[in-house]
Amino acid sequence: MEITLNGIKVQVEDDWTLLDAAKFYGVKIPTLCYHEGLSPYGACRLCIVEIGEGDKSKLVTSCLYPVQDGIKVRTHSQRVVKARKLLVELLIARCPTSKVLQDLASALGIEKIRFKARYNDCILCGLCVRMCEEQMDAKAIGFVSRGVKKRITTPFDIKSEKCRTCGACIYICPACLLRCQGPEPPSVLCSGCLNFSPPCVDQYKDVMCYLDPCVACLKDKGENMKKGGKK
Amino acid sequence: MEKIESPLELEKLRKSIQSKKKKEKTFISICAGTGCRASGSESVINAFKEEIKFLGLQNKVGVKVTGCHGFCEKGPIIVIHPKEIFYHNVEKEDVMEIVSETIIGGKIIDRLLYVDPTTGKKITKESDVPFYNKQKRIILGNNGKIDPTDIEDYIALGGYSALSKVLFKIKPEQIIEEVKKSGLRGRGGGGFPTGRKWESCRNAKGKLKYVICNADEGDPGAYMDRSLLEGNPHSVLEGMIIGAYAIGSKNGYVYVRNEYPLAVKHLEIAVNQAEEYGFLGKNILGSGFNFSILISRGGGAFVCGESTALMASLEGKPGEPRAKYVHTVEKGLWNKPTTLNNVETWANIPIIIHKGASWYSKIGTEKSKGTKIFSLVGKINNTGLVETPMGMKLREIIYDIGGGIPNKKKFKAVQTGGPSGGCIPEELIDLPIDFEKLTEAGSMMGSGGMIVMDEETCMVDVAKYFLKFLMEESCGKCVPCREGILQMGEILENITKGNGQPGDIELLEEISTVIKDTSLCALGGTAPNPVLSTIRYFRNEYDSHIKDKKCPAGVCQALIQYSIIPKKCIGCGACLKQCPQNAITGEKKQPHIINPEKCIKCGACYDVCKFDAIKRV
Ligand SMILES: Cc1cc2nc3c(=O)[nH]c(=O)nc-3n(C[C@H](O)[C@H](O)[C@H](O)COP(=O)(O)O)c2cc1C
Ligand code: SF4
Ligand code: SF4
Ligand code: SF4
Ligand code: FES
C-alpha cells in the first residue's frame with residue numbers, strides 16, 4: 001500500500017495506523033493517551049493529522065486511523081498545529097503541574113494560557129486504566145461519571161482488593177510522577193525547559209523539517225523561512 | 001391465538017377483525033399519551049368506562065385508549081368517531097354530559113369545542129382544527145385510531161401487510177432499492193440515507209448481523225419517539241422486521257430510554273403479541289425467515305444515543321463513544337455488521353413499502369423526502385407534536401400550526417435540532433425546513449426539537465444554557481469536548497455576569513472551531529452550534545453584554561436595573577408590598593423609589609405594576 005505523507009509517497013503495511021506510518025518514517029506526531037503496549041483510546045486528540053484535500057479535508061486521530069491506499073496525510077498543516085496548540089492550552093489549564101504537558105507546550109511554542117487554571121491532578125488520558133487492565137490484568141481502577149465530573153477511581157471508591165500495588169499506573173501517568181515545579185500563579189506556563197538555540201541548519205518553506213515541531217523555528221516566527229530555503 | 005402461517009391467513013384475519021369492528025360504529029378515542037395523562041386523562045377514561053357500563057352501552061359504544069394525538073397543549077383530548085367530534089380539556093365531570101348529550105342525543109357540546117383563536121369560530125371536526133389540518137400525519141396519524149396494546153387494531157388498519165408483501169413478493173435487494181428510491185434519510189439526527197446504510201450492511205462480510213432501533217431520545221423537550229412507541233409500537237416493529245429481512249439479520253434490539261416506562265410497557269406487549277401472531281420469531285408468516293427482538297433499557301445518559309456509545313452500552317460496557325473510522329455497518333455491535341436506525345426512521349418503512357417509493361418521494365423537497373415530526377415547545381400557543389412535509393416554511397409551523405406567540409409578544413428565534421442545534425432568527429422565518437436548509441442556517445434537523453423564543457429571551461443566556469447541558473452530558477472522554485465546552489461555558493458565564501472582555505467572541509469562535517474539528521463524536525462535533533449561531537445572528541447582543549454591560553432582553557440579572565419612572569407612577573403601593581427586600585419606599589399617591597443597594601432584581605415589582613411605571617434596563 002502507498003500513502004502520501006507530507007507530500008512524500010511512502011510504502012506502508014496494511015495493518016498500520018497513520019501513526020505507525022509516521023513513526024516508521026520518522027515524522028514526529030505528539031501523543032498523550034497513546035502507548036505502544038496498550039490499545040489505542042483516542043481521547044487526547046493531540047495525534048490529529050489532516051487527510052484529504054481542499055474542502056473535503058478533515059482531521060482524524062492518527063493513533064486510530066487505519067492507512068488507506070492513496071490517502072494524503074499532512075501531519076503538521078496549519079489547521080493541525082492550531083488545533084494541537086489549543087488542545088494543549090486546554091490541558092494545561094486543567095493540570096499545569098504536569099511536566100509532560102509543559103514540555104509539549106514549549107515544543108509547540110505556546111506562550112500564553114488564556115484560561116483559568118484548575119489544578120486538577122488527572123488529565124483523564126486513561127493510560128492507567130488500560131495499563132492496569134491490559135498489562136497487569138487487574139482491572140482495579142476505572143472511570144466513573146461523565147462530563148466535567150468524570151474521574152478515575154476504584155470500584156465504590158474504596159481500596160481495591162484487586163490492586164496489587166504494583167505501581168504501574170503511576171509509572172505510566174503523564175500527570176502524577178513527573179511533576180513540574182515551575183509554574184506559579186498567575187502564569188501557569190512554565191517554559192523553564194524551552195529550547196532557544198536552533199537545533200537545525202536547514203529550514204524549508206512548506207515541507208516539514210524532520211525536527212518539527214521546532215521551537216527555534218517558531219520563535220523566530222519563520223523569519224528565515226520567508227527569506228526562502230537555507231539560512 | 002394460533003400463529004399466522006401465510007399471507008392468506010393474515011388477510012382472512014384482517015377481514016374478520018374489520019367486520020367485528022364495524023359493528024361497533026361509535027367509539028370514543030381518548031388520548032392517554034404522556035401529555036394528556038399529566039392533565040388527567042386517566043380519570044376521564046375511567047369515568048367513560050363506568051358511565052357506558054352503567055348505561056349498558058358496552059356493545060354499542062367502544063372506548064379506545066390511544067397514544068398521543070399531538071395536541072398536548074389542550075389535553076385531555078377526546079375524539080368521538082365516526083363523526084370525528086373533537087373535544088379538548090375534557091374533565092371527568094364532563095363525561096356524563098358527553099355520553100348523554102353527544103353519544104346518545106347526537107348533540108354537540110359547544111363549551112368543549114375548539115375555538116380557532118384567529119377567526120373565533122368553533123370547530124367540531126378534529127381534522128378541521130388548524131393545528132391538524134396543516135399537518136401531514138402519515139406517521140403519527142394512526143396514533144389516535146388504535147389502542148397500542150391491541151395488535152388487532154393495528155392489523156385492522158392494514159398493519160403487517162407491508163411485511164407480508166416483502167416476505168413473499170420482494171427480494172431483499174429490491175427492498176433496499178425501494179428504500180433508496182424513496183429518499184428516506186435517518187430521523188435520528190444525521191440524516192444519513194437509510195437505503196445506503198442498509199446496503200452497506202447487507203454487503204458487509206459476516207453471517208451474524210444486527211439491527212437496532214435507537215429509542216434513547218435524550219433531547220430535552222423532544223418526545224416524538226416516545227409517542228410513537230407508546231402510541232403505535234407495531235409500526236416500528238414492522239419496520240424493523242422488514243429491515244432485518246432486507247439486510248439479512250436474525251437479531252434485533254430496541255434500545256429504549258429507561259425514563260420511558262410506558263413506552264417500554266407498550267413495546268413489551270407489542271413484541272409478545274407479534275410473537276404470538278407469528279410476525280416475530282421462527283418462520284415468520286410461513287416464509288422461513290426468522291427474526292427476534294430484544295428490548296434493552298438505556299443507561300440514561302444523553303450520549304448513549306450516539307451510535308457507538310449505544311452499542312457499547314448494549315454490550316454492557318460504559319456508554320462512551322469510540323472512533324468510527326471503521327463504520328458500524330461493518331463492525332458494530334460485538335464487532336458484527338450492524339444497522340442502527342431511529343424510531344421514526346423505522347416507522348417510515350412500512351409506509352414506503354405499502355404506498356411505494358414514488359408516492360413517498362413526492363412528499364418533501366429535492367434532497368429531504370417524506371415528513372418529519374417536530375416537537376413544538378417554548379413560547380408558542382399550541383405546544384405539541386406536529387408532523388409536516390419536509391420543506392414546510394418555519395412561518396407556517398409557528399403561526400399556522402403553532403398558533404403564534406402567546407401574550408402578543410414578538411417572535412425572536414427558534415432553536416432547532418436539540419441542545420447542539422442552532423438558533424434561527426426572525427429574518428429567516430420563511431426558511432423551508434429540511435436537512436440542508438437547517439444546516440446552511442447554522443443549525444440542524446437533529447431529532448426535530450423546536451423551541452420557540454420570544455422577545456424576552458436573551459440569546460447569550462440561551463447559548464449558555466445549552467452549553468451547560470452539553471457540558472454535563474459530554475461523556476468526558478476527549479479533551480476538546482470536555483475541556484473546551486467547559487471553558488466556553490466559563491467565558492459565557494463571565495459575559496452574562498458583566499465581566500466580558502473584548503476578544504471574548506473571537507476566543508469563543510477559536511475554541512468552537514477546534515472542538516468541531518477534533519472531537520471524537522458528534523456530541524462534541526456539534527456542541528458549539530448554539531454559541532456560533534447566536535454569535536452569527538445576534539452578535540450585537542453579545543456586544544451589548546461585553547461593551548455596554550447591558551442585557552437588551554432584560555434577562556441577565558447582573559446587567560439589569562429596576563427603577564421607577566416618576567411620571568408614570570401613581571403611587572398605588574402595589575410594588576412596595578411585593579418587594580421581598582423592602583427596597584421600595586414612597587408615600588401613598590406619590591411616585592415611589594427603588595433603592596438599588598437593596599434591590600435583588602427579582603422583578604416582583606415589575607410584574608405587579610399595572611401602570612408600566614417600572615423600567616428594566
Ligand atoms: C450525542 C448524540 C445523541 C444522540 N441521540 C440520539 C437519540 O436519542 N436517538 C436517535 O435516534 N439518534 C440519536 N443520535 C444519532 C445516532 O448516533 C444515530 O446517528 C442514529 O440513531 C442513526 O439512525 P438514523 O439513521 O435512523 O437517524 C445521537 C447522536 C449523538 C451524537
Ligand atoms: S491518573 Fe494519570 S494516567 Fe490515569 S487517567 Fe489520569 S492522567 Fe492519565
Ligand atoms: S466528543 Fe464529547 S461525548 Fe463525544 S467522545 Fe468526546 S467527550 Fe465524549
Ligand atoms: S406599582 Fe407601579 S404605580 Fe404602583 S407604586 Fe409601584 S411603580 Fe408606582
Ligand atoms: S494519542 Fe491519539 S488521541 Fe491521544
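Small disclaimer: the values here were computed from a predicted structure and weren't measured. Numbered from 1 within each chain, the chains take letters A, B, ... in sequence-line order.
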When you look at CD of Glu506(B), are more than 12 heavy atoms from neighbouring residues, nucleotides or ligands closer to it than 6.0 Å? yes

Nearest heavy-atom pair of Thr518(B) and Ala83(A): which atoms, and what distance? CG2-CB, 3.8 Å

Chain A contact via Ser519(B) - which portion, at a heavy-atom distance below 4.5 Å: backbone

For residues Cys478(B) and Gly42(A), report the shortest heavy-atom separation together with the two atoms involved. CB-O, 4.4 Å

Answer yes or no: is there an ion pair linking Glu320(B) with Lys150(A), defined by an N-O contact shorter than 4.0 Å? yes

So what's closer than 4.5 Å to chain B heavy atoms on Leu86(A): side chain, backbone, both or neither? side chain

First locate atom CG of Leu64(A), then atom CZ of Arg322(B), and finally report the distance between them rounded to the nearest 0.5 Å. 10.0 Å

Is any NZ, NE, NH1 or NH2 atom of the basic residue among Glu483(B) and Arg118(A) found under 4.0 Å from an Asp or Glu carboxylate oxygen of the other? yes

Using a 4.5 angstrom heavy-atom cutoff, name the option from Arg114(A), Lys82(A), Glu89(A), Lys116(A) with the most pairs to chain B. Arg114(A)

For residues Pro480(B) and Arg45(A), report the shortest heavy-atom separation together with the two atoms involved. CD-CG, 3.4 Å

Ile491(B) side, atom CD1; Phe115(A) side, atom CZ - distance, nearest 0.5 Å: 6.0 Å

I need the Ile515(B) CD1 to Leu90(A) CG distance, nearest 0.5 Å. 7.5 Å

Under 4.5 Å to a heavy atom of chain B? For Leu59(A) that would be both

When you measure from the side chain of Tyr325(B) to the backbone of Thr61(A), do you find a donor-acceptor pair of N or O atoms at a distance under 3.5 Å? yes

Give, as side chain, backbone, both or neither, the part of Ile511(B) having an atom under 4.5 angstrom from any heavy atom of chain A. both

